[in-house]
Amino acid sequence: MDYHQVIAESSSNSRESQRHFCISARTVERMSCTTILVGKKASYDGSTIIARDDDSGSGRYDPKKFIAVAPQDQPRHYRSVLSHVEIDLPDNPCRYSIVPNVLPNRGILAEAGVNERNVAMSATETIAVNERVLAADPLVELQPANEAANTPEVPGGIGEEDVITLVLPYVTTAREGVARLAELLETYGTYESNGIIISDVNEIWYVETIGGHHWIARRVPDDCYATIPNQLGIDDFDFDDAFNAQREFMCSADLREFMDAHHLDRTMSAAASGGFGFQSKSAFGNGGMNGGGNSSSGAALGHNHFNPRTAFGTATTKDHIYNTPRAWYMQRHLNPSEDWDSPAARYTPASDDIPWCRVPENAVTLEDVDFLMSAHFEGTPYDPYGTLGTPESRHRYRPIGINRTGHMVAMQIRPYAPVESRSIMWISYGSGAFTTSAPFYANVDDTPAYLRDTTPEVSTDCLYWTNRLIATLADAHFYETSNAVEGFSEDVRSFGHRLVERTDDALAIGGSATGAGGAGSGAGSAVGGSGSMSGAAVDSGSDGLASPTSVPARLAAANDEMAEYLRSRNTKLLGDVLYTSSNLMHNSFAMSDRWN
């Protein structure tokens, strides 16, 4: 992929881009997404898993593509399309794979990616901070030149467009990613409020921006999952750890002083409060439910703890329609034995204190992640396709799996696999309720054309548009087409798991450059600094003689096989859905002439 060409195209104000987006280069549209993060001891196989729906704004649909970026194609001088900020970049990037927008008028918008050192990023989860924060540390927005006042343009800060491109190619661990992102935020600021996820084989870190230049980060506890629905989510922060060992927390160096100066901490003193935040024991009856002693949601807090959600975030009526119901449903699914639905339920769809993270009742699978990222409140009165409740209740809350999802990417980093093949990107395009994710190895030099060559115009030659067409046809006949969609999903996931196991086995038999190592081996040690993982496996040629083949090439071949299966199975699903929908057209008529 020629990154310089993308940047050049991004700077142009093409009619095609305007036709699809109706947006100027200075317009910043907020994205709407949903995130779930799964710690390595909470997942079914010891992997860290980070997943996010990338949803477009209302009335807009962003085509997506899956590409690999070679080091020579990474820019050395970067200019943001939206904010015009310019940044010199290091001269030692590594290869990485991303799933950006097809149309370039809002920049690269990498959205989700994994580098060859097995560091993954998902960016961003749009969040909101309150007015007190915005007053104390305003967002760094582009200020256009004013000829009348004779004032020059003042660039803005960084945002969703830029984050992965500026961070992912240069880091070897998730912690390094947090540090690099923090330096960029403090130097250039940001023009929007975002959550950014960075993971490696050992850790998942979640970063939230606080105003224009400040930030906090929390490590997802290994035995927990975290849910984030377009809302500032971290609900406990430990200053003692952040300014010392940094085992679980990190933040801006002046965050404490910033909060004191602007009266942002809303924590009540223990003597004055017998309520939330100062109970003698966890409201769950289990101090480990939300990550152990460093838990806020109901657990006893020391004087160096505070709740960022109440200090920096929002809790509005719109949050209770658009955001909190998604967290409620995800946790309802992963902790089903609790009371979620009765009038006495501890948490409801409108609760502002749903925990940021908690221990699941069962180890979380990729199928759980796929289901939740496509969920529409199944089994509740709030399902828009359901029969429970009333017509009003079925459209009361914003579903997780929504019509304008561009893609869902779940990034799985496996401790038991060799470093060359450790990272898998489970990718789906379009509305998740009518498709499923499929596995693709991240450490490749190129990606399958079916996912890579998405066109701006509708075409069944690419996965994105095929999925969009299927969803649009099936939506009007949800129950009549559900068996076909469910059969497709089961087939694709089963084939994907078998393909990964078969590819892993072939690499193990052929040999690879680096052994798997244990679950404790860090991402940084995987490549020895900024080196490239170009180990060789053994491929048996047609003459029966062993010949060396690079591991990325073998992984690319597996990806091509997955893509070809998707193409074939998607074509069948499209035909099935089209046939069913054709029979259910309003102008259908059962009687036909005698020749038929």
Side-chain angles (χ1 to χ4, degrees), residues 1 3 47-50 65-74 92-100 110 112-122 164 167-174 176-177 198-202 409-427 437-448 451-452 496 499-508 510-517 521-539 548-563:
M1 171 241 179
Y3 194 105
S47 297
T48 56
I49 301 172
I50 64 175
K65 58 184 177 181
F66 175 38
I67 60 174
V69 182
Q72 62 269 24
D73 293 327
Q74 175 75 359
N92 62 338
C94 70
R95 184 181 65 246
Y96 60 107
S97 297
I98 53 175
V99 193
V114 182
N115 71 20
E116 63 176 307
R117 301 163 186 167
N118 295 306
V119 179
M121 287 188 69
S122 188
I164 289 180
V167 174
L168 188 58
Y170 308 104
V171 298
T172 62
T173 67
E176 282 185 19
I198 314 175
S199 67
D200 58 34
V201 72
N202 281 319
V409 182
M411 288 165 281
Q412 176 191 19
I413 306 181
R414 307 175 299 159
Y416 50 85
V419 292
E420 300 94 338
S421 56
R422 178 164 286 173
S423 297
I424 295 177
M425 303 173 74
W426 291 77
I427 300 173
S437 60
F440 294 90
Y441 288 95
N443 182 29
V444 293
D445 295 312
D446 199 4
T447 54
L451 285 81
R452 181 194 64 215
L499 177 62
V500 168
E501 290 180 3
R502 174 158 49 86
T503 304
D504 285 349
D505 289 345
L507 290 172
S512 59
T514 310
S521 60
S525 63
V527 296
S530 59
S532 175
M533 293 188 299
S534 57
V538 176
D539 186 21
T549 303
S550 72
V551 171
R554 293 289 299 272
L555 301 181
N559 287 353
D560 287 340
E561 185 177 348
M562 185 72 247

Flag for T173-D200: side-chain donor and acceptor within less than 3.5 Å: no
Min side-chain heavy-atom separation N202-T48 under 4.5 Å: no
Between CD on residue Q412 and CD1 on residue I50, distance to nearest 0.5 Å: 11.5 Å
Sequence-distant partners of A438, side chain to side chain contact (heavy atoms under 4.5 Å, CB included), two or more places apart: F440, V492, M562, L566
Flag side-chain contact, heavy atom, 4.5 Å: R422 against Y416: no
Contacts of S97 that satisfy side-chain hydrogen bond (donor to acceptor under 3.5 Å, both in side chains) - sequence neighbours left out: none
Any residue meeting side chain to side chain contact (heavy atoms under 4.5 Å, CB included) with A557, in chain and number order, not counting sequence neighbours: none
Distance in Å, D560 CG paired with L555 CG, rounded so as to fall on 0.5 Å steps: 11.0 Å
Q74 side chain to Y96 side chain, donor-acceptor N/O pair below 3.5 angstrom: yes
Residues which pass side chain to side chain contact (heavy atoms under 4.5 Å, CB included) with D504, listed by chain and number, not counting sequence neighbours: R414, S421, Y441, V500
Separation of N115 CG from Y170 OH (nearest 0.5 Å): 11.5 Å
Over all atoms of both residues, closest heavy-atom pair of G113 and M425: CA-CE, 4.0 Å
Sidechain-backbone polar pair: R452 side chain, F66 backbone, donor-acceptor under 3.5 Å: no
Verdict with reasoning, I427 to L451, per side chain to side chain contact (heavy atoms under 4.5 Å, CB included): CA-CA 9 Å; I427 300 173; L451 285 81; 4.3 Å; yes
Lys/Arg-Asp/Glu bridge criterion (N-O < 4.0 Å) met for E561, R502: yes
Sequence-distant partners of P100, side chain to side chain contact (heavy atoms under 4.5 Å, CB included), two or more places apart: K65, I67, I98, I108
Closest heavy-atom pair and its distance - C94, L168: SG-O, 4.4 Å
Pair R554-T503, side chain to side chain contact (heavy atoms under 4.5 Å, CB included): steps then yes or no: CA-CA 8 Å; R554 293 289 299 272; T503 304; 5.8 Å; no
Rounded distance [0.5 Å steps], CG in D445 versus CD in E116: 8.5 Å
Closest heavy-atom pair and its distance - P448, A563: CB-CB, 3.4 Å
Distance in Å, I413 CD1 paired with N118 CG, rounded so as to fall on 0.5 Å steps: 6.0 Å
Heavy-atom side-chain proximity of P415 to S47 below 4.5 angstrom: yes
Rounded distance (nearest 0.5 Å) linking atom CD1 of I164 with atom OG of S122: 6.0 Å
Set of residues satisfying side-chain hydrogen bond (donor to acceptor under 3.5 Å, both in side chains) with respect to S199, sequence neighbours excluded: none
R95 side-chain N/O to V444 backbone N/O, donor-acceptor pair under 3.5 Å: yes
P552 and N443, any side-chain heavy atoms less than 4.5 Å apart: yes
